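Quick note: numbers below take in every heavy atom, side chains included, and nothing from hydrogens, waters or symmetry partners. Note that the structure is predicted; figures quoted are calculated from it, not measured. Chain naming here is simple, since letters A, B, ... match the order of the sequence lines and numbering starts at 1 in each.
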Amino acid sequence: MLDLKYVRDHMDQVQQMLRNRKLDMDLTRLVRLDANRRRILVEVEELKRQRNVASEEISLAKREKRDASRLIEDMKDVAQRIKAMDQELAVIEERMNDELLLIPNMPHESVVVGGDEKDNPVIKTWGSPPAFDFAPRNHWDIGESLGILDFERAAKMTGARFALYWGQGAALERALINFMLDVHVRQHGYTEVLPPFMVNSSSLVGTGQLPKFKEDLFKLEGRDYYLIPTAEVPVTNIHMNEVLEEEDLPKYYTAYTPCFRSEAGSYGKDTRGLIRQHQFNKVELVKIVSPDTSYQELENLLLNAETILQKLNIHYRVVSLCTGDLGFSSAKTYDIEVWLPGQNTYREISSCSNFEDFQARRANIRLRRKGKSKTELAHTINGSGLAVGRTLVAVLENFQQQDGSVLIPPVLQPYLGNVERIETIH
RNA sequence: GGAGAGAUGGCCGAGUCGGCUGAAGGCGCUCGCCUGCUAAGCGAGUGUGGGGUGAAAGCUCCACCGAGGGUUCGAAUCCCUCUCUCUCCGCCA
């Protein structure tokens, strides 16, 4: 969330930001509430001051065995007024908070103003699409004919947008998870964590999924527990309500988790295959850093994510999301888009964002600089490193062979018992 | 699921019958002094959030002792609800 004082003092910029994000929000209500709140606050605080003074007098009188009943009578009235005003304030503050929680983050100055994904500038490309002397197939054809992906049975036991992996398909998914974690831990200096796969609502408010995007989440019935839509939520909230010493920063965390998304509002999209599932695996990268270094840390995190595709030798490009495509909480986001020859297109496989202090303010993650008593908000950054299911898709489609088999990238072979190729077992 | 104990500042830890307790004491941290260096020692300072005022430094006020509510002129202290932690029993991967 944005700082209320910032909103108050930079109304024009905030309004412009909303236009750039193609959002229509009325901030006048918030401004009115804010003015109202301060007016009442001044009044009630004066009453409280009077009460404090009187309390001291009463206390003194009692100790000196003097009568204080007159003063006590007077204070009864003051106490009532304070109570009424406090209640009024509580209502106003709740409404203000509701409004503030719905205002998205300010994009970084480097973010291009644009309407949708078509306006996202391509920042870089790596490698080139593989050449096929046959028509490359999409991954669900490859997976089903190899007998490693089974969507029909998954639909039977659960429903649409779930997948059952068999044999070497299941092993390949697991290999990718282990490979990604190993690279990030051993080569990039991240600490591996294995968080809960359910979180409470305050964690989701902390990272920005709530209150605005409730319909995207799976919630457990009768409890304040939600299935995580990304490891970002539990991992960023590790340091919720904490003050971190600057010298202990930056924090680098990586986590494998399944992710659960309701995919409300995407009914027609990507109905076939692994691309858009209600449950998918992801290895996530999360950084908690000083405001001084967050943009450099974002660049490095992006490189860490790219490294996975480079080691797998799969072509991709990186785009920078424009204002119209930028996520609610993000100040700047790079998407890594992997090449999928079976679909002749690039698909998002990682999204790397700097949230600046937007999540930190919500989750109350602060830092204290050496020698300073004043705390300030940390910056949070995260990115997929990578979406595992989509990486498996990329492996299947990019390394498919004319005979229907799929070559395993050399870096993954040690994770698969040195198997070099997945082929149909007869 | 049953029974009990607890939650206080960055950390540890006091808080009597509700009233100079924003909170003793210690640790840590910051600055200064002292010692040839280090350690020790001495002195001062050191929470967060919000408001008013001010160009600013500052001054000043209010709130906060797990969370929320209640009693009261007044609550860290009393009452209720919830959350979490710990112990014992039951169940269980």
So which nucleotide does [N] pair with, by the Watson-Crick or G-U wobble rule with both distances under 3.5 Å?
N	result
B:C78	B:G70
B:C91	none
B:A40	none
B:G47	B:C64
B:G25	B:C12
B:G58	B:U53
B:U83	B:A7
B:G18	none

Tell me which donor-acceptor pairs under 3.5 Å the side chains of residues 182-189 of chain A have, and how far apart each pair is, sequence neighbours excluded?
{"unit_1": "A:D182", "atom_1": "OD2", "unit_2": "A:Y415", "atom_2": "OH", "d": "2.6"}
{"unit_1": "A:H184", "atom_1": "ND1", "unit_2": "A:H188", "atom_2": "ND1", "d": "3.1"}
{"unit_1": "A:H184", "atom_1": "NE2", "unit_2": "A:G385", "atom_2": "O", "d": "2.7"}
{"unit_1": "A:Q187", "atom_1": "OE1", "unit_2": "A:K311", "atom_2": "NZ", "d": "3.1"}

Give me the distance, rounded to whole Å, that separates [N] from [M] when you measure between the [atom1] atoms they each carry.
N	M	atom1	result
B:C80	B:G28	P	41 Å
B:U46	B:G26	C1'	15 Å
B:C65	B:G22	C1'	9 Å
B:G68	B:C86	P	23 Å
B:U16	B:G66	P	14 Å
B:U8	B:G13	P	9 Å
B:C12	B:C17	C1'	29 Å
B:G58	B:U72	C1'	38 Å

**OP:** For a salt bridge (charged side-chain N to carboxylate O under 4.0 Å, His left out) with A:D270, tell me which candidate from A:R390, A:R276, A:R161 qualifies.
**Re:** A:R276
Rounded distance in Å - [atom1] ([X]) to [atom2] ([N]):
X	N	atom1	atom2	value
A:E93	B:A63	CD	C1'	10 Å
A:M240	B:A67	CE	C1'	14 Å
A:L47	B:G51	CG	P	19 Å
A:E242	B:G9	CD	C1'	16 Å
A:M96	B:G50	CE	C1'	11 Å
A:E45	B:G49	CD	P	16 Å
A:M85	B:G51	CE	C1'	13 Å
A:D86	B:C64	CG	P	9 Å

Original post:
Is the distance between the ring centroids of A:F213 and A:F328 under 6.0 Å?
Top reply: yes
Original post:
Is it true that A:H108 and A:Y295 have ring centroids separated by less than 6.0 Å?
Top reply: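 Yes, ring centres under 6.0 Å apart.
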Original post:
Quick one: is A:N364 getting a side-chain N or O under 4.0 Å of the B:G49 phosphate, OP1 or OP2?
Top reply: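 The answer is no; no side-chain N or O of A:N364 sits under 4.0 Å from OP1 or OP2.
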**OP:** Using a 4.0 Å heavy-atom cut-off across all strands, classify A:R223 as base, sugar-phosphate, or nothing.
**Re:** nothing
**OP:** Tell me what A:D74 touches on the nucleic acid: a base, only sugar-phosphate, or nothing, going by heavy atoms under 4.0 Å.
**Re:** nothing
Gap separating the [atom1] atom of [X] from the [atom2] atom of [Y], nearest 0.5 angstrom:
X	Y	atom1	atom2	value
A:Q296	A:L301	CD	CG	11.5 Å
A:R272	A:H139	CZ	NE2	9.0 Å
A:T236	A:E284	OG1	CD	7.5 Å

Original post:
B:G19 base to A:E56 side chain: any donor-acceptor pair below 3.5 Å?
Top reply: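 In this structure, the two groups form no donor-acceptor pair.
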Original post:
Which residue, A:L60 or A:L4, contacts RNA chain B at a nucleotide closer to its 5' end, judged by nearest heavy atom?
Top reply: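 Result of the comparison: A:L60.
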Subject >> Closest-nucleotide ordering on RNA chain B, the 5'-leading residue of A:S59 and A:Q87 >> reply: A:S59
Subject >> Identified side chain to side chain contact (heavy atoms under 4.5 Å, CB included) counterpart of A:L386 within the set A:V338, A:T391, A:L285 >> reply: A:T391
Subject >> Validation row: A:Q359, A:I365 side chains within 4.5 angstrom (heavy atoms) >> reply: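 A side-chain contact under 4.5 Å is absent here.
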Subject >> Candidates B:G19, B:U48, B:C61 - which lies nearest the side chain of A:R49 >> reply: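 Comparing B:G19, B:U48, B:C61 against the side chain of A:R49, the answer is B:C61.
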Side-chain H-bond candidate by donor/acceptor type, [X] with [Y], under 3.5 Å:
X	Y	value
A:Y226	A:Q209	no
A:E173	A:N281	yes
A:Y252	A:E297	yes

Dump the pairs, protein N or O against N or O of nucleotides 73-78 of chain B, anything under 3.5 Å, distances to one decimal.
{"unit_1": "B:C73", "atom_1": "OP1", "unit_2": "A:K76", "atom_2": "NZ", "d": "3.3"}
{"unit_1": "B:C73", "atom_1": "O4'", "unit_2": "A:I72", "atom_2": "O", "d": "3.4"}
{"unit_1": "B:G74", "atom_1": "O4'", "unit_2": "A:S55", "atom_2": "OG", "d": "3.4"}

**OP:** Tell me which residues in residues 37-44 of chain A put a heavy atom below 4.0 Å from RNA chain B, sorted by number, or none.
**Re:** A:R37, A:R38, A:L41, A:V42
